[in-house]
Structures are given as C-alpha cells and as structure tokens.
Amino acid sequence: MGRKLGYFFYPRSVAVFGSFREGAIAREILRNIVEGGFEGEVVPVNPRGGQVEVAGGTFEISEKLERPVDVAIIAVPAKIVPSLIEEIGPLIRGAVVISAGFSEVGNRELECELVEKAKKHGVRLIGPNCAGIFGVHGKFFGSFEVRVRRGGLALISQSGAFGGAALAMGNEEGIGFSAFVSYGNAADLNESDFLEYFADDPNTRVIALYIEGVKDGRHFLRALRYASVRKPVIVLKAGKSASGAKAAASHTGSLSGSYEIYRAAFKQAGAIEVGEMEELFDAAKAFEMYPKAGKRVAVITNSGGPGVLAADKLEELGLDMASLSGKTVEKLRSFLPPQCSVRNPIDLIADADYMRYRKTIETVCRDDNVDAILVVCVPPIFVPSGEVARAVIEADCEKPVVVNFMAGELVRDGVGLLEKEGIKNFPTPERAARALFWLSLR
C-alpha cells in the first residue's frame, strides 16, 4: 500500500539546494549525508556555483540541476521554493522542503502555489517547515538532526524539534532506527501516508508517531488501522489540553480537535497511546525485542525493595503476578539458599551470582503459569553486573525477559553487555513493568 514512497528512504541520487557557507542548513545536511556513508550520487546546487568541502571531500556546486535525481532537499528562502519546483519538477520524484515561512505563519497562498507546482510535475512533497528525513538502512541521512544507529524503529514526527530531541534521546536509550521523517506542515504527504509506507517497509519493526493534529481524519484512521494490524504503532499526541491545542495550531497550522476523539480513534485502530516521551521510548525498546507478551509475570530480583516496586506497578497496570506451580517452587528450593524467597517476586538476596540468576530464570521460564519475566539487578560491589548480564544472556528461555539493572556506573558494564545482545535495559522497576504492559496490549 505504501511502497511507492521508497525512493525517499532508499534513494539512489540526491540533490541539495541552498547555501553551502559554514553553518548554513544545506551545508549541514550535505555533511550529514556524506558522513552517514550514502552510496548514491549527491549533487549540491546553488546558482553561484563554486566548491564546498565537507567530511574530508570536495564537491563541485552545480549552478542548476541538470540530470534526474530521486530526491531534492530544499533549504532556500520560502518565496522562491515554488519557482524552484517549477524548474526542477521534470527531474525529480520527491522533494523535502526544509524551508519555513508557509502556512505556519499564515502564508497559505505560497503553500498552495508550492503544492500546485509539485502536482503539475507529479512530484511528492515532504514539508514544508520540516527537519528532513532519514532512511537509515539506505545510509541516507537527509536532515540536519543527529545521526542514529540502524534498527527497527520508524519515527514519524510532525514537529522537527521534537523529532531531533527524540533521535538524540533514542541514541542515549540504545534504540536502533529504520527511518525518521519530519513532515512539518504536511502540505502534501502526511502522517497517514507514512504510516502506510512503514507498515510495508521490511526494515521497520515498530512505528512511533508524534502528532499535534491531522487534517484528514478518515484517511488517518484507515492508515492507522492498516499499520497497527501489521506492526506495533506507538502514538504520542500533543495538544491534549486547551492551551496545548492552541499552541499546536500556531506551531504547524494543524487542527488539534477534541482529544477524546483522537483517543477513541487510537483505541479503535489498535494503536498504543503513550502519555510522554519516556514512555514512547520504553514502548519502542520493548517492541524492538519482542512482538508481544502475556499478562502473567514473574519477578526475579536480588533486592526486595525494587522487587516490591515492580510488583506494585505490574498490578497497577492490570498485569498479573504469576502463581508459580508447586513443581517450580520445589525446584527453586532445591538450589537456592534457605533465606531466599521462592514466592513471586523471587528474591535471590544480595549475593546472587551468575549461576543463581541463570538457574532461576531457566526454572521459572519452564513454568506454564508464567508468560514473561522481569529481572531486577541491584548489584553489590562484590558481584560484577556483567556476571548477572551474562546469566540473562545465556539463560535458556524462550519467553520475553525484560531487565532492570540499576543504577548508573554500578551497572554500566552489565548494561553494555546486554545492549550488544539486543537486550534493552529499563532504568527503574516501574519502567520495566510498563514495558511488559505495552507488550501485553498486542
């Protein structure tokens, strides 16, 4: 359904229009494309010509575009964008218009003219007033935002600034991205088109969507339903309050509408709504690891307090603390020290080492009453966190295992080992519990 937009995220050739002086947006985008390892043709374009040096290479600046390219990235003054599209329309398939100064500042006529020129030549538009796009698996970083590691999350953001912050936060959280698109004013292509595209993109495992408002509610609901059937779709809706809705209208010129209507639409379509940025990434991390999880959870911890916090949060979220079978309890008692609690949460006590964690995970995993496991580790200074991380990695368990190693420097080595194996760490017991909650919604 959405495959036709592939040239934006896997282009073979790209032209960048704008100023290439030091600090200019077009130069930064060009640098990002080159440093990101793009393997196709890159053409910088400016009527003044000349040369530009980026990423250790020198590029000749073309005075005009003379041969066909898949995508044009445009960062020139708003007033000349329509005439530029008129000129290059026959040579391009898609345009990403970074330039601001259109409907978001009340200049609707200029935006209509831009769309008209694009339609005339069969060119699809992203933007205007956007931060650009990434096709991470195509090694294409057509934006001035921070580059990200390759993975399975496609991030669709109405706001460029939110998108940039989210990419940086994703890097901090160890998330891998398949793509990023900031679509700004959505003069042509909008969130619905990208939902349909990423639903069919083989490199995308989970879709995250930040929206302030949509223009075509029916198309949006149809696209959201289409995508949600195929992949987890996580939605963060801004403009829920009256003041937030007002701010959204002035930001991208979008109609926020009643939040209750949006909320009902998300639920009806099977999307997963989150309330804040941190939750968006926790959900994304969970779905990068597992497609879904059941509601019955076993908590394994070496510290009673965090185990109780995890149990409280799981119950609050409507998940069940799994009732361990008599056989499981008997097996745990056979190898755990007598002071350990073999009820759920299972407390392995402070000196729990590699073997105690591993055998417990494997034993609990074989219990038919358990759908998923939450492992908490607060290592004392005499048990390296890497030892517990290896136990999690090497345990023979086919069920979803979510981990909470805390905190900071104390668990850095362990978290690093987990990351290498694609196991994401959730920094608090509550966030780990919430990750299992998101998985239970699929």
Side-chain angles (χ1 to χ4, degrees), residues 4-20 24-30 32-33 38 40-49 52 59 61-135 140 142-144 158 160 181-194 197 215-216 252-254:
K4 58 192 176 189
L5 299 179
Y7 55 84
F8 274 115
F9 302 97
Y10 301 89
R12 291 163 301 176
S13 49
V14 182
V16 182
F17 293 78
S19 167
F20 296 99
I25 285 177
R27 185 191 178 103
E28 287 307 300
I29 293 171
L30 178 66
N32 230 11
I33 292 170
F38 182 62
E41 184 185 15
V42 187
V43 186
V45 186
N46 185 293
R48 293 179 182 173
V52 56
F59 289 81
I61 300 172
S62 300
E63 292 176 18
K64 55 189 263 185
L65 186 64
E66 292 174 334
R67 54 188 177 277
V69 294
D70 282 335
V71 177
I73 300 179
I74 297 170
V76 302
K79 62 185 179 186
I80 64 170
V81 176
S83 58
L84 177 60
I85 293 291
E86 176 70 56
E87 180 193 325
I88 66 173
L91 297 172
I92 65 173
R93 299 175 73 186
V96 180
V97 182
I98 308 292
S99 318
F102 292 87
S103 65
E104 83 282 359
V105 292
N107 204 341
R108 295 187 189 283
E109 277 182 30
L110 191 65
E111 191 160 298
C112 288
E113 189 187 347
L114 167 62
V115 173
E116 191 185 300
K117 302 288 188 197
K119 276 188 177 162
K120 176 180 169 185
H121 296 288
V123 171
R124 299 312 304 262
L125 289 175
I126 295 177
N129 180 35
C130 74
I133 60 174
F134 287 170
F140 174 53
S143 167
F144 50 79
Q158 192 162 5
V181 54
S182 152
Y183 60 91
N185 296 0
D188 175 24
L189 293 169
N190 59 34
E191 65 292 313
S192 303
D193 299 299
F194 299 119
Y197 172 73
K215 292 174 182 172
D216 183 344
T252 52
S254 68

Check: [Y] and [X] side chains under 4.5 Å, non-hydrogen atoms:
X	Y	answer
Arg48	Ile61	no
Lys215	Asn190	no
Phe8	Leu189	yes
Cys130	Ile98	yes
Val69	Leu91	no
Val81	Pro128	no

Please give me the minimum heavy-atom distance between [X] and [Y], naming the atom from each residue.
X	Y	answer
Gly160	Ser182	CA-OG, 3.5 Å
Ala78	Ala100	CB-O, 3.3 Å
Gly18	Asn46	O-ND2, 2.8 Å

Using the test side-chain contact (heavy atoms from CB on, under 4.5 Å), find all partners of [X] that sit at least two apart in sequence or belong to another chain.
X	answer
Glu87	Lys64, Leu84
Ser19	Arg21, Ala24
Glu116	none
Ala72	Phe17, Ile74, Ile88, Ile92

Problem - Ile73: which of Ile25, Ile29, Leu30 passes side chain to side chain contact (heavy atoms under 4.5 Å, CB included) - result: Ile29

Exercise for the section: Mind telling me whether Phe140 and Phe38 have parallel, tilted or perpendicular rings, with 30° and 60° as the class edges? Expected result: tilted

Handout entry: Residues that Phe20 engages under ring-ring contact (aromatic ring centres under 6.0 Å, His included), provided they are two or more places apart
Key =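 So Phe20 forms no ring-ring contact (aromatic ring centres under 6.0 Å, His included) with any residue.
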
Fill in the blank from the handout: Residue set satisfying side chain to side chain donor-acceptor pair (under 3.5 Å) with Arg93, at least two apart, ordered chain then number -> none

